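Here is the structure we will look at.
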Amino acid sequence: MGEFLTQYGAEIVQHSGEHLFLVLLSTGIAILVGVPLGILIVRKPHLRPFLLGFANVVQAIPSLALFGLLIPLPVLGGIGAQTAIMALILYALLPIMRNTYLGITGVDAAVREVGRGMGMTDWQLLRRVEFPLALSVILGGIRTATVIAVGVATIAAAIGAGGLGVFIFRGVAVVDHRLILAGAAPAALMAIAIDSALAQLEHRLGVRQTS
């Protein structure tokens with residue numbers, strides 16, 4: 001094992017960095033898109049079946065197939081990280097959008113009425129009351145989306161986007177379990193580390209809201 005790490009250690013670090021970049025960038029963009037869409041379907045219920053339905057359909061498409069569907073698209077597609085990031089954003093939308101919707105609609109109606117009684121506008125009610133109370137639930141959706149992104153990003157190597165999947169595909173090709181583990185183990189540790197950090201933040205927000 002020591003000899004293996006000496007040989008591949010630098011490459012593991014490089015591909016871990018690529019993997020983390022794909023995950024953080026795609027999840028960050030998904031948050032910027034998914035949270036407003038979640039708020040939108042609270043305010044515009046007639047859009048909910050369409051937007052959530054689209055996100056559900058995307059989740060049902062196998063990851064490699066989704067990459068293949070995106071490659072021919074102009075601007076968004078192509079071979080490389082761009083297509084991988086687009087696919088990861090699409091996969092992350094459902095949990096973020098859904099949890100944003102559930103978090104805001106789960107706010108006690110009496111709390112909303114108090115806010116309206118104080119003369120708050122709809123925007124003020126969202127910013128000062130609904131969103132802060134829904135934040136821990138929204139963060140739960142972000143946790144789910146991030147863990148999904150870590151797993152799906154391993155497939156990105158199939159379209160030349162780099163990441164830890166490079167080791168997995170290489171290991172499968174030559175039937176070398178050490179290479180497979182060199183990609184799978186860091187990806188699993190990355191998912192656990194990110195999920196644990198977000199879980200702690202979610203817990204702190206939950207405690208703060210109930211105190």
Side-chain angles (χ1 to χ4, degrees), residues 5 8-39 55-56 58-64 66-67 70 80-104 131-132 134-169 171 179-209:
L5 290 176
Y8 292 104
E11 198 175 351
I12 291 173
V13 172
Q14 175 193 337
H15 290 311
S16 295
E18 294 170 352
H19 203 94
L20 189 61
F21 170 77
L22 291 173
V23 170
L24 294 183
L25 180 59
S26 60
T27 306
I29 296 173
I31 292 169
L32 294 177
V33 175
V35 171
L37 287 178
I39 295 170
N56 271 299
V58 170
Q59 284 280 342
I61 301 174
S63 53
L64 193 57
L66 182 59
F67 287 139
L70 291 174
Q82 184 170 295
T83 297
I85 289 168
M86 187 63 199
L88 293 173
I89 291 169
L90 291 174
Y91 274 121
L93 278 180
L94 178 61
I96 294 174
M97 193 191 316
R98 181 179 57 202
N99 275 44
T100 301
Y101 170 78
L102 292 175
I104 293 176
F131 191 81
L135 193 54
S136 63
V137 179
I138 295 171
L139 195 56
I142 293 172
R143 281 178 61 192
T144 302
T146 306
V147 171
I148 290 172
V150 172
V152 174
T154 58
I155 310 297
I159 59 169
L164 291 165
V166 169
F167 282 112
I168 296 174
F169 282 103
L179 284 172
I180 295 172
L181 286 174
L189 291 173
M190 187 182 297
I192 292 169
I194 294 174
D195 185 64
S196 297
L198 291 175
Q200 290 181 8
L201 180 57
E202 183 182 347
H203 176 70
R204 289 177 184 176
L205 289 172
V207 170
R208 188 181 302 171
Q209 289 172 4

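As the structure is a prediction and not an experimental result, all values here were calculated from the model.
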Just wondering, are more than 12 heavy atoms of other shown residues or ligands nearer than 6.0 Å to CZ in Phe21? no

Close side-chain approach of Val35 and Phe131, heavy atoms under 4.5 Å: yes

Evaluation steps, side-chain contact (heavy atoms from CB on, under 4.5 Å), between Phe167 and Ile12: CA-CA 8 Å; Phe167 282 112; Ile12 291 173; 3.7 Å; yes

One should read off an interatomic distance between Ile61 CD1 and Leu90 CG, to the nearest 0.5 angstrom, of 8.5 Å

Out of curiosity, Ile31 CD1 to Ile89 CD1, how far, rounded to the nearest 0.5 Å? 11.0 Å

Quick one: CE on Met86 to CG on Leu70, what's the gap to the nearest 0.5 Å? 6.5 Å

Looking at Leu64, I'd like to know if its CG atom is crowded, meaning that more than 12 non-hydrogen atoms belonging to other residues, nucleotides or ligands lie closer than 6.0 Å. no

Give every residue pair that meets the salt bridge (charged side-chain N to carboxylate O under 4.0 Å, His left out) criterion with at least one member in residues 20-34, sequence neighbours excluded. none

Kindly indicate whether the side chain of Leu66, heavy atoms from C-beta on, has any atom under 4.5 Å from the side chain of Pro62. no

Could you tell me whether the side chain of Leu93 reaches within less than 4.5 Å of the side chain of Val33, counting heavy atoms only? yes

Give the C-alpha distance, both sets of side-chain angles, the deciding distance and a yes or no for side-chain contact (heavy atoms from CB on, under 4.5 Å) between Leu139 and Leu201. CA-CA 8 Å; Leu139 195 56; Leu201 180 57; 3.5 Å; yes

What heavy-atom pair brings Leu179 and Gly171 nearest, and what distance separates the two atoms? CB-CA, 3.6 Å

Could you give all pairs that pass the side chain to side chain donor-acceptor pair (under 3.5 Å) test and reach residues 179-195, with sequence neighbours left out? Arg143-Asp195

Where Ser16 and Met190 come nearest, the two heavy atoms and their spacing: O-CE, 3.6 Å

Under 3.5 Å, is there a donor-acceptor pair between the side chain of Thr144 and the main chain of Gly140? yes

In Å, rounded to the nearest 0.5 Å, how long is the span from CG of Leu88 to CD1 of Ile148? 10.5 Å

Does any N or O in the side chain of Ser26 come within less than 3.5 Å of the main-chain N or O of Val23, such that one atom is a donor and the other an acceptor? yes

Test item: Val152 and Phe67 side chains (from C-beta on) under 4.5 Å apart, heavy atoms: yes

Heavy-atom donor-acceptor pair, Thr154 side chain to Gly151 backbone, under 3.5 Å: yes

Give the table of side-chain donor-acceptor pairs shorter than 3.5 Å for residues 155-165, with sequence neighbours excluded, one pair per line with atom names and distance.
none

Would you say that Leu94 contacts Val58 through its side chain, given a criterion of any heavy-atom pair below 4.5 Å between the two side chains? no

Straight-line distance of Tyr91 OH to Gln59 CD, nearest 0.5 Å: 7.5 Å

If you measure from CD1 on Ile96 to CG on Leu37, what distance do you get to the nearest 0.5 Å? 10.5 Å

What are the two closest heavy atoms between Leu22 and Ile85, and how far apart are they? CD2-CG1, 3.8 Å

